[in-house]
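Letters A, B, ... are given to chains in the order of the sequence lines, protein chains preceding strands, and every chain is numbered from 1.
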Amino acid sequence: MNSENKILIPIPALFSFEECLWFLNRNYDDCLHIIKGDTIFKALEIGEDILLISIKEHAGFLELNIIKGEPTQENKAYLIDYVREWFDMDTNIQPFYDLLKTDGRIAYMTETYKGLRLIGISNLFEAICWCIIGQQINLSFAYKVKRRLVEHYGKRIDHENDSYYVFPEPEVLAAADPDLLKEMQFSKQKSDYVIGIAKAFANGSIDKEALRALPSFAARKKALTDHKGIGVWTANYALMKSLKEPGGIPHGDIGLLNALSNHNIIQDRSETAKIEGLFQQFAGWESYLVFYLWRSLTVKVLE
DNA sequence: AACCAGGCGCATG
DNA sequence: CATGCGCATGGT
């Protein structure tokens with residue numbers, strides 16, 4: 001590997017690349033990255049170009065390699081920012097650990113999941129589409145549907161017998177064929193939602209930076225839930241994963257409720273006061289608490 | 001076969 | 001404002 005294609009990012013305290021690998025793998029077939037051994041491969045669109053990068057850990061650094069694409073200074077700077085945001089490397093999570101340790105029911109997480117970071121979805125359009133696909137269906141089916149969508153409408157880069165995809169552009173999905181989406185096993189509603197959201201991104205009525213610039217969490221949430229297909233769960237998930245909003249809690253999320261139940265924090269999903277009480281203890285770290293609770297869910301191993 | 005899955009929108013009280 | 005219900009479809 002030519003050294004000019006290589007980028008090193010120092011690993012901060014309380015950061016586990018193994019946990020990144022676990023999360024990105026976890027027995028689901030995500031079409032937007034490929035993991036081989038201890039290395040992540042992902043295609044990224046920068047302007048008109050598609051780059052293929054690999055990421056692995058080595059000697060206290062994340063080592064990025066640009067496998068395909070130009071190793072210009074601009075591209076390198078973009079990739080550094082991208083990966084730091086993706087793996088939330090710039091947050092000091094020690095205060096979150098201090099809070100976890102005050103609650104005996106979940107204090108173990110500081111050791112068991114030590115260094116787990118909130119893995120993001122930088123692309124807000126992708127995050128929202130992923131939510132719509134995943135609404136009220138099981139995750140393994142959701143990943144299948146997402147793969148069909150991405151492999152049909154997304155751009156691709158090939159390398160050594162593997163194809164790497166980027167999520168489709170809003171302009172492309174805005175013009176998607178509803179009959180084809182139906183074949184991909186979108187429900188009529190979800191097909192309408194995805195195309196509607198794609199149009200909203202294409203015409204600028206949803207824009208990540210404009211959303212980020214709104215004055216309050218409530219305003220950002222409302223700006224999202226004003227669109228058909230984005231409810232409370234989706235808005236919070238998107239804010240949590242794409243804007244890294246600390247206060248994003250996907251209320252009603254079945255996985256979250258199951259995790260709370262597993263830890264005997266609630267007995268059934270109606271105990272909203274207990275849930276609110278817990279999250280109040282974690283003010284400023286709500287989304288991290290959600291992510292750690294999701295991490296605690298055991299995942300069925302697929303053959 | 002019935003029930004559930006990382007919900008949402010709309011109609012009612 | 002809270003609750004109920006239909007929606008679609010794969011998995012168990």
Pick the P atom in dC8(B) and in dG11(C), then give their distance to the nearest Å. 22 Å
Hey, which of these two, Trp130(A) or Gly229(A), hits DNA chain B nearer its 5' end, going by closest nucleotide? Trp130(A)
note: Asn258(A), atom CG; dC3(B), atom C1'; distance rounded to Å ~ 14 Å
With heavy atoms under 4.0 Å as the rule, sort Ile230(A) into base, sugar-phosphate or nothing. sugar-phosphate
Classify the nucleic acid contact of Lys190(A) as base, sugar-phosphate or nothing, counting any heavy atom under 4.0 Å across all strands shown. nothing
Could you please name the option among dG11(C), dG7(B), dA5(B) that lies closest to any side-chain atom of Gln135(A)? dG7(B)
Rounded to whole angstroms, how far apart are CZ on Phe141(A) and C1' on dA8(C)? 8 Å
Does NZ or CZ of Lys241(A) come closer than 6.0 Å to the centre of the six-membered ring of Trp130(A), within 45° of the ring's axis? no
Are more than 12 heavy atoms, taken from residues, nucleotides or ligands other than Glu70(A), located less than 6.0 Å from that residue's CD atom? no
Check every atom of dA5(B), dC10(B), dC8(B) against the side chain of Lys228(A) and return the nucleotide holding the closest atom. dC10(B)
Candidates dA5(B), dT9(C), dG7(B) - which lies nearest the side chain of Arg269(A): dA5(B)
Thr234(A) vs dC8(B): side-chain N/O to OP1/OP2 distance below 4.0 Å: yes
Counting Watson-Crick and G-U wobble pairs whose two distances are both under 3.5 Å, find the runs of 3 or more in a row that involve DNA chain C. B:2-5 with C:9-12, B:7-13 with C:1-7
Does Arg295(A) qualify as a cation-pi partner of Tyr292(A), given the criterion of NZ or CZ under 6.0 Å from the six-membered ring centre and within 45 degrees of its axis? no
Are more than 12 heavy atoms from other residues, nucleotides or ligands located less than 6.0 Å from atom NE2 of His33(A)? yes
I would like to know whether Trp285(A) and Phe282(A) meet ring-ring contact (aromatic ring centres under 6.0 Å, His included); could you show each step before the answer? CA-CA 5 Å; Trp285(A) 295 97; Phe282(A) 283 82; 9.3 Å; no
Can you tell me the distance, in whole Å, between the CD atom of Gln136(A) and the C1' atom of dC3(B)? 11 Å
Gln94(A), CD: over 12 other non-hydrogen atoms inside 6.0 angstrom: yes
Would you mind classifying the nucleic acid contact of Ile254(A) as base, sugar-phosphate or nothing, using non-hydrogen atoms under 4.0 angstrom? sugar-phosphate
Atom-pair distance (CG on Leu139(A); P on dC4(B)), nearest Å: 18 Å
Atom OH of Tyr143(A) and atom C1' of dA5(B) are separated, to the nearest Å, by 14 Å
Whole-Å distance between dG7(B) C1' and Leu256(A) CG? 14 Å
From CG of Leu224(A) over to C1' of dC8(B), roughly how many Å is that when rounded to an integer? 15 Å
Distance check needed: dA5(B) C1' versus Tyr237(A) OH, whole Å only. 15 Å
Write down the distance separating the P atoms in dA1(B) and dA8(C), rounded off to the nearest Å. 23 Å
P-based separation of dG6(C) from dC3(B) [nearest Å]: 15 Å
Tyr237(A) versus Asp253(A), side-chain donor and acceptor atoms under 3.5 Å: no
Ignoring backbone atoms, establish whether Lys144(A) has a side-chain N or O less than 4.0 Å from OP1 or OP2 of dG11(C). yes
Please classify the nucleic acid contact of Tyr193(A) as base, sugar-phosphate, or nothing, using heavy-atom distances under 4.0 Å. sugar-phosphate
Which part of the nucleic acid does His227(A) contact within heavy-atom distance under 4.0 Å: base, sugar-phosphate only, or nothing? sugar-phosphate
So for atom NZ, which belongs to Lys244(A), do other residues, nucleotides or ligands contribute more than 12 heavy atoms lying within a distance under 6.0 Å? yes
Could you check which of dA5(B), dG6(C), dG9(B) has an atom nearest any side-chain atom of Gln189(A)? dG6(C)
